[in-house]
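Computed from a predicted structure; not experimentally measured. Numbering of ligands and ligand atoms starts at 1, following listing order.
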Amino acid sequence: MSQASLTRSVWTLDAGDYPADGPIDDGARFLLRYAILAPSSHNSQPWRFDVRGEEIHVGADESRWLEATDPDKRELYLSVGCAVENCCIAAEHFGFDPVVEYHDPDSADYVVTVRLEAGAPATPRPEGLFDALTARTTSHAVFDGRALDADSRERLDGVGGDAGVTLHLVDDAETRDAIARLQATADRRQMDDPAYRQELGYWIGLGALGSSWIAARIGQAVVTHLDIGDREAAKNSKLIQSAPVVAVLSTPADGPVEQIKTGQIFERIALLASAAGVAVHPMSQTLERPELRSRLRDRLATAESPQHLFRLGYTEETPEHTPRWPLDVFLDDTRVAPEE
Ligand SMILES: Cc1cc2nc3c(=O)[nH]c(=O)nc-3n(C[C@H](O)[C@H](O)[C@H](O)COP(=O)(O)O)c2cc1C
């Protein structure tokens, strides 16, 4: 793990600083300042980048992989997908058509290449996403129970189909209660696993989840050593019950490429929601337990694999931004030197 410090200063970005007249590499690196604002599981920020001219290569950093929480690497690739989406949104804003290619992690060093082509994309992303990049946060609040307004619901519902990712919007009380029960079971099982607790404690202790130094130390000790499964279960099922909508993203196949695409779609939804004043909260524990993941699939009556679950709703609370490591930490120094 890098010695560089976590900082919130990365959130203060001035689009006017974009180096429009400089070399394309500098422009690409500027786009990556938006990429690193993406959400990630435990705020682990498991991405790495290599800029080569107009190509940005994006990799999954396995040194930041949450091995105990996420043994199948689903959340690792989802998180990388979120960063890819931020990069593409910024690229469109600064006048590029970002063309994304996906690579199989078993045979490639980088899982995605974003090629910055000049000009506007044939199908641009929805408006308003760029401004949301520096505003979006994850909410952990109890929602106030207001139903999702019809306009926002319709806009969110339209996202995903063209990427092969299905969005399920659950708002009937019976299914939501069943999901709340799955969440409670998942919390108890995860908190019964010392490796899970230790890993969560490690990231809390680093301050990645945003606490002050002392609060982070206390949080790490509590999560690592105390039996808090029942407390988490009660808290999280209440959070789900307060949400007018629980959303699940699913895909027909269950591999890294589908998971990266799901991350992209999730991030697009999170940014659209942020622009519309709708709070978003991923809750992953059910999906982290294979037996509960398949029960969720049955509940949704889908043959697809559930990839990501999050609450949508309203709250007056505006969370503080969580910190990030500075961009330099994520830039690979592997560029091939130009021939003499
Ligand atoms: C794949 C993925 C899984 C996540 N799972 C959870 C979760 O189970 N519980 C939670 O409170 N937040 C979850 N989050 C949110 C992260 O904790 C959050 O993105 C991170 O702390 C950075 O904060 P920010 O989103 O406010 O920038 C998840 C995010 C992603 C991308």
S.K.: Minimum heavy-atom separation for Leu37 to Thr134, with atom names?
M.R.: CD1-CG2, 3.8 Å
S.K.: Under 4.0 Å from a heavy atom of Ser284: which atoms of ligand 1 are those, numbered in the order shown and with their elements?
M.R.: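 Matching atoms, with element in brackets: 3 (C), 4 (C), 5 (N), 6 (C), 7 (C), 8 (O).
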S.K.: Is the closest basic N to carboxylate O distance between Asp171 and Arg176 below 4.0 Å?
M.R.: no
S.K.: If I compare all heavy atoms of Pro126 with all of Leu272, which pair ends up nearest, and what's the gap?
M.R.: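 Residues Pro126 and Leu272, closest heavy atoms: CB-CD2, 4.1 Å.
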S.K.: Output the rest of the hydrophobic cluster of Val99: all Ile, Leu, Val, Met, Phe, Trp and Tyr residues reachable through side-chain heavy-atom contacts under 4.5 Å, sorted by chain and number.
M.R.: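 None, because no other hydrophobic side chain comes under 4.5 Å of this residue.
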S.K.: At less than 4.0 angstrom from any non-hydrogen atom of Pro282, what atoms of ligand 1 do you find?
M.R.: 4 (C), 5 (N), 6 (C), 7 (C), 8 (O), 9 (N), 10 (C), 11 (O), 12 (N), 13 (C), 14 (N), 15 (C), 28 (C), 29 (C)
S.K.: Report yes or no: is the cationic atom of Arg48 (NZ for Lys, CZ for Arg) under 6.0 Å from the centre of the six-membered ring of Tyr110, at an angle within 45° of the ring normal?
M.R.: yes
S.K.: Looking only at non-hydrogen atoms, which of Ser40, Pro323, Pro39, Ser41 approaches atom 16 (C) of ligand 1 most closely?
M.R.: Ser40
S.K.: Distance to 0.1 Å, residue and atom name: give those for the protein heavy atom nearest to atom 27 (O) of ligand 1.
M.R.: Arg324 NH2, 2.7 Å
S.K.: So is Ser79 polar-close to ligand 1, meaning N/O to N/O under 3.5 Å?
M.R.: no
S.K.: Parallel, tilted or perpendicular for Tyr34 and Phe94, by the 30°/60° rule?
M.R.: tilted
S.K.: Give the single entry among Glu320, His308, Arg311 that approaches atom 1 (C) of ligand 1 most closely by any heavy atom.
M.R.: His308
S.K.: Quick one: side-chain hydrogen bond (donor to acceptor under 3.5 Å, both in side chains) partners of Arg311, sequence neighbours excluded?
M.R.: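 By the side-chain hydrogen bond (donor to acceptor under 3.5 Å, both in side chains) rule, Arg311 matches Ser242, His281.
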S.K.: Arg136 heavy atoms, cut-off 4.0 Å: which ligand 1 atoms fall inside?
M.R.: 24 (P), 25 (O), 27 (O)
S.K.: Take Arg295 and Asp298 through the test salt bridge (charged side-chain N to carboxylate O under 4.0 Å, His left out) and record every step on the way to the result.
M.R.: CA-CA 5 Å; Arg295 274 168 60 187; Asp298 296 346; over 6 Å; no
S.K.: Provide the number and element of each atom of ligand 1 under 4.0 Å from a heavy atom of Thr322.
M.R.: 22 (C), 23 (O), 24 (P), 26 (O), 27 (O)
S.K.: For ligand 1, which atoms have a heavy atom of Met283 less than 4.0 angstrom away?
M.R.: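 So the answer, numbered in order with elements, is 7 (C), 8 (O).
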S.K.: Identify which of Thr262, Asn43, Leu76, Leu78 has a heavy atom lying nearest to atom 21 (O) of ligand 1.
M.R.: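 When every heavy atom of Thr262, Asn43, Leu76, Leu78 is considered, Asn43 comes closest to atom 21 (O) of ligand 1.
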S.K.: Can you name the atoms of ligand 1, numbered from 1 with element, that are less than 4.0 Å from a heavy atom of Thr138?
M.R.: 15 (C), 18 (C), 19 (O), 24 (P), 25 (O), 26 (O)
